[in-house]
2 protein chains.
Amino acid sequence: MVLKIRKTKVAAPACPLTACMAVMKGAWTPNIIWSLSGGPRRFGELQHDIPRVSSKVLSQRLRELQARRVVRRRVLDTSPPSAEYELTELGLELVPAIQAIVRVGVKIAHPERAAA
Amino acid sequence: MVLKIRKTKVAAPACPLTACMAVMKGAWTPNIIWSLSGGPRRFGELQHDIPRVSSKVLSQRLRELQARRVVRRRVLDTSPPSAEYELTELGLELVPAIQAIVRVGVKIAHPERAAA
DNA sequence: CAGGATCCTAATCGATACTG
DNA sequence: CAGTATCGATTAGGATCCTG
């Protein structure tokens, strides 16, 4: 006998999930957005925030995020010349999701503090 | 002159983020958790919920999630034999994060409904 | 129905070196 | 400082076939 597929009880379809995960693709992308959620950061500052990321991967992800209109790049007229990255309005929309992930991460990392 | 690294304004360090992302690693993992958030599902039902996932990847991710105590597997005494997967208490903790991601995904996919 | 085994491709990442 | 170029290792994922 054939088992019937029960109707899912989940309200929204999986496609918005996939759409959002496409933006956060890459192991370091959430960290980049998280770091930028505190305000504009320079390239070197991002590397400082995310210690084990290579400059190659960091610049790759930043370029992708710019292409997706999540991050904006501004060249500053300083000496030496430097650049600043900041979240766009679209990028700011991602912050609550990252915050939720961080909250869970805290629970996973410190189960004893889960009561709080 | 050397540019100074400005102190980050982000409250929590990136490590909890990384810890949580490790659990959600893989393109399909969030979809699996999302599908299970509606209640226990069988293997075939998960494949139905996530149309383009191969059985290999699905079973791989399910095994990883079991190893991480996020998902529990129960063999049912039916004919033909079937198995059910469900979220553990730890797995349930991930649901709010996934929900937040879905919410952003809806905004990305349907910007015109962003007002709601 | 519920998966494991195998083969293969594409993407990601890390390390190193180099440029303006 | 702010990246780019290149290489090599790892891995996720797709397709197909097969079993209990």
Side-chain angles (χ1 to χ4, degrees), chain A residues 1-8 14 17-18 21-33 35-36 40-68 71-86, chain B residues 1-6 14 17-18 21-33 35-36 40-68 71-86:
Chain A
M1 174 214 175
V2 178
L3 290 180
K4 232 165 96 185
I5 305 279
R6 292 166 294 182
K7 209 176 142 221
T8 180
L17 214 191
T18 308
M21 289 309 292
V23 174
M24 310 210 305
K25 200 171 56 179
W28 299 112
T29 308
N31 292 88
I32 295 171
I33 299 174
S35 175
L36 290 177
R41 301 288 278 165
R42 283 182 283 108
F43 191 89
E45 290 176 321
L46 287 170
Q47 273 199 303
H48 176 262
D49 291 346
I50 314 167
R52 294 174 326 195
V53 73
S54 68
S55 61
K56 187 197 73 170
V57 171
L58 181 54
S59 75
Q60 263 182 9
R61 297 292 146 256
L62 284 171
R63 261 178 287 146
E64 284 178 16
L65 289 172
Q66 286 171 69
R68 290 180 186 278
V71 161
R72 188 181 301 125
R73 187 181 113 111
R74 283 190 320 177
V75 178
L76 302 179
D77 189 18
T78 57
S79 162
S82 56
E84 239 182 29
Y85 296 88
E86 60 182 343
Chain B
M1 173 211 174
V2 177
L3 289 180
K4 230 163 97 182
I5 305 281
R6 293 167 293 181
L17 214 192
T18 307
M21 290 310 291
V23 175
M24 310 211 305
K25 199 171 58 177
W28 299 112
T29 308
N31 292 89
I32 295 172
I33 299 174
S35 175
L36 290 177
R41 302 287 278 166
R42 283 183 283 109
F43 191 90
E45 290 176 321
L46 288 170
Q47 273 198 305
H48 175 262
D49 291 346
I50 314 165
R52 294 176 325 194
V53 73
S54 68
S55 63
K56 187 197 75 170
V57 172
L58 181 54
S59 73
Q60 263 182 9
R61 296 293 150 260
L62 284 171
R63 259 179 288 145
E64 284 177 16
L65 290 172
Q66 286 171 68
R68 291 179 186 278
V71 161
R72 187 182 301 125
R73 188 182 113 111
R74 283 190 321 174
V75 177
L76 301 180
D77 189 17
T78 58
S79 163
S82 56
E84 239 181 31
Y85 296 88
E86 61 182 341

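In what follows, chains carry the letters A, B, and so on, assigned in the order in which the sequence lines appear, proteins first and then strands, with residues in each chain numbered from 1.
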Given 3.5 Å as the limit, does a donor-acceptor pair link the side chain of [X] with the main chain of [Y], or not?
X      : Y      : answer
Q66(A) : L62(A) : yes
R41(B) : I32(B) : no
E84(B) : L76(B) : no
R42(B) : K4(A)  : yes

Worksheet item: Are the side chains of L58(A) and W28(A) in touch, meaning some heavy atoms are under 4.5 Å apart?
Response: no
Worksheet item: side-chain contact (heavy atoms from CB on, under 4.5 Å) between V53(B) and N31(B): does it pass, once the steps are laid out?
Response: CA-CA 10 Å; V53(B) 73; N31(B) 292 89; over 6 Å; no
Worksheet item: Is there a donor and acceptor pair, one atom on the side chain of S54(A) and one on the base of dT16(C), closer than 3.5 Å?
Response: no
Practice prompt. Using only heavy-atom distances, decide whether a donor-acceptor pair under 3.5 angstrom links the side-chain of K56(B) to the base of dG4(C).
Written response: no
Among the candidates [options], find the nucleotide nearest to the side-chain atoms of [X].
X      : options                  : answer
R73(A) : dA2(D), dG3(D), dC1(C)   : dG3(D)
Y85(B) : dA2(D), dG4(C), dG3(C)   : dG3(C)
E64(A) : dG14(D), dT12(C), dT4(D) : dT12(C)
P80(A) : dG3(C), dC1(D), dT4(D)   : dC1(D)

Worksheet item: Hey, which of these two, S55(A) or I5(B), hits DNA chain D nearer its 5' end, going by closest nucleotide?
Response: I5(B)
Using a cut-off of 4.0 Å on non-hydrogen atoms, how would the nucleic acid contact of [X] be classed: base, sugar-phosphate, or nothing?
X      : answer
S59(B) : sugar-phosphate
K25(A) : sugar-phosphate
S82(B) : sugar-phosphate

Response to the item:
Comparing T29(A) with F43(B), nearest DNA chain C nucleotide closer to 5' gives the residue F43(B)
[X] has an atom [atom1]; how far is it from atom [atom2] of [N], in whole Å?
X      : N       : atom1 : atom2 : result
L62(A) : dG3(D)  : CG    : C1'   : 10 Å
Q60(A) : dC13(C) : CD    : C1'   : 9 Å
K4(B)  : dC1(D)  : NZ    : P     : 14 Å
R52(A) : dC13(C) : CZ    : P     : 13 Å
M24(B) : dA12(D) : CE    : C1'   : 16 Å
I32(B) : dA2(C)  : CD1   : C1'   : 15 Å
W28(B) : dT11(D) : CH2   : P     : 21 Å
R6(A)  : dC1(C)  : CZ    : C1'   : 13 Å

Item to complete: May I ask you to verify if any side-chain N or O of R61(B) is less than 4.0 angstrom from the OP1 or OP2 atom of dG13(D)?
Response: yes
Fill in: dC1(D) phosphate, OP1 or OP2, under 4.0 Å from R42(A) side-chain N/O
no
